[in-house]
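In what follows, chains carry the letters A, B, and so on, assigned in the order in which the sequence lines appear, proteins first and then strands, with residues in each chain numbered from 1.
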There are 2 protein chains.
Amino acid sequence: MTAGDTPEAIDRTLRVIGDRWSILIVRAALRGIRRFDDFCDDLGIARPILTQRLRRLVSNGVMIKVPYQEHPLRHEYRLTDAGIALSPVLVALVRWSEEHADGTPSPTALVHAPCGTELEQAFWCRRCRTTFGPAAIRGVERAAGDVGSSKDVPDGSPAH
Amino acid sequence: MTAGDTPEAIDRTLRVIGDRWSILIVRAALRGIRRFDDFCDDLGIARPILTQRLRRLVSNGVMIKVPYQEHPLRHEYRLTDAGIALSPVLVALVRWSEEHADGTPSPTALVHAPCGTELEQAFWCRRCRTTFGPAAIRGVERAAGDVGSSKDVPDGSPAH
DNA sequence: ACTCTGGGTTCTGTTTCAGAACTCACTCGT
DNA sequence: ACGAGTGAGTTCTGAAACAGAACCCAGAGT
């Protein structure tokens, strides 16, 4: 690998949510689904796999299992903060799907709640107070010794 | 699936890039890697899988295979615009990895090229000219007939 | 007692993943 | 002209992951 990039960290993440279902489960959870059978119905996922995925998500801190009633003791699954923090990933994925994988835009648009305008996703520089696209990204070494080695990112592609 | 929403589109996308390798391949490509063996070495991916993944990425328009020399006819793989457009997904993933999956921040920081400040990723409303977080997202029906049913996305805050 | 509901587990295939080792076309140095 | 080297793959093989029916079990409702 080119010196010190991090396939490790991202790789570990992909081991948690990098399968066909986990992200869809998180998505469903963001839509308010909490119960085993509802996940099943909503996603059309096989039960054994759902069991397994939920367990994995829970053990990785993406979701928690909380009882919602005693007696016929029942649990539901909710996103933790870490789980909610996945929404940028999801949004990025959904938008990419709409724009590049698919002709048909999804029937559900994501909007800025206060004003109802369809949202965009952008990179943001807090110093310049500006948004920008992929072309303006650069990767730099963060480690102690040598700072400044910039070596990420593509050529072309105008920002949006 | 419960009417309306689009597991289909996102599902199709996940079939393309929803495995442990595809995203890492795109990431490597964004770092400038183009050749078969370089992907191999960089990622530590098994060759047959790389072959398959590249083929799939090409056939789905994420990458293209272009000859970079005749004679010993050789090809390299480059991202298309659609491929470059995946960078928000990647960035979101990397940032989540750093913040939630891992203690150690990655050695490579992503910065805003012009000024060198570490970038953030945010949702952006062009009407309000403001950035905001997941809590301010709402999903609304886009289709003709029944508009108004809003039912996506996080209700303020599940767990905690 | 008997059926329903929620939340699972078992069992049995079928794809997909992964890795070593091999191939093949071509070029280069000698 | 001959062996070594390269780039880009294939073929085998075994290990996981996925998928679907069917089964289980504790309580509750009737």
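- The side chain of A:Trp21 places no N or O atom within less than 4.0 Å of a non-bridging phosphate oxygen (OP1 or OP2) of D:dA17.
- We find that CG of B:Asp41 is positioned 12 Å from P of D:dT6, with the value rounded to whole Å.
- Cluster membership for B:Ile23 and B:Val58, using ILVMFWY side-chain heavy atoms within less than 4.5 angstrom, is shared.
- Partner of B:Asp42 under the salt bridge (Lys or Arg N to Asp or Glu O under 4.0 Å) criterion, chosen from B:Arg35, B:Arg31, B:Arg27, B:Arg34: B:Arg31.
- Across residues 62-78 of chain B, B:Lys65, B:Tyr68, B:Arg74, B:His75, B:Tyr77 each have a non-hydrogen atom less than 4.0 Å from an atom of DNA chain D (numbered order).
- Considering CD1 of B:Ile10 and CG of A:Leu93, their distance stands at 4.5 Å, rounded to 0.5 Å.
- Rounded to whole Å, the distance from CZ on B:Arg53 to P on D:dT10 is 14 Å.
- Residue B:Gln69 qualifies as enclosed at atom CD: its count of foreign heavy atoms under 6.0 Å is above 12.
- Rounding to the nearest 0.5 Å gives a distance of 10.0 Å between NE2 of A:His100 and CD1 of B:Ile84.
- The hydrophobic cluster containing A:Trp124 does not contain B:Trp96, counting ILVMFWY residues as joined when their side-chain heavy atoms lie under 4.5 angstrom apart, directly or transitively.
- Judged by atom type and distance alone, B:Arg47 reaches the base of D:dG9 through a side-chain donor-acceptor pair under 3.5 Å.
- Ring orientation note: the planes of B:Phe132 and B:Phe123 are tilted relative to one another, at an angle of 30° to 60°.
- Each of B:Arg74, B:Arg47, B:Glu76 was compared with B:Phe36 under the side chain to side chain contact (heavy atoms under 4.5 Å, CB included) criterion, and only B:Arg47 meets it.
- The heavy-atom pair separating A:Ala28 from A:Leu43 by the smallest distance is CB-CD2, 4.2 Å.
- Between A:Leu43 atom CG and D:dA19 atom P the separation is 11 Å, expressed in whole Å.
- For the helix from C:dA1-D:dT30 to C:dT30-D:dA1, the rotation axes defined at the first and last 5 base pairs enclose an angle of 0°, given to the nearest 10°.
- Residues B:Arg20 and A:Arg55 each lie close to DNA chain C; by heavy-atom proximity, the contact nearer the 5' end of the strand is made by A:Arg55.
- The side chain of A:Pro48 lies closest to D:dA21, out of D:dC18, D:dT11, D:dA21.
- Nucleic acid contact for B:Arg15: none, since no nucleic acid atom lies under 4.0 Å from a heavy atom of the residue.
- Between chain B and DNA chain C, the heavy-atom contact criterion of under 4.0 Å yields a 5' to 3' nucleotide range of C:dC17 to C:dT27.
- As a whole-Å value, the separation of B:Gln52 CD from D:dT11 C1' is 14 Å.
- Distance CG (B:Leu54) to P (D:dG7): 16 Å, rounded to an integer number of Å.
- In this structure, B:Glu118 CD and B:Arg95 CZ are separated by 5.5 Å, a value rounded to the nearest 0.5 Å.
- For the pair A:Asp19 CG and D:dA16 C1', the interatomic distance rounds to 13 Å; values are reported in whole Å.
- When the side chains of ILVMFWY residues are joined at heavy-atom separations under 4.5 Å, either directly or via intervening members, A:Val26 and A:Ile49 end up in a single hydrophobic cluster.
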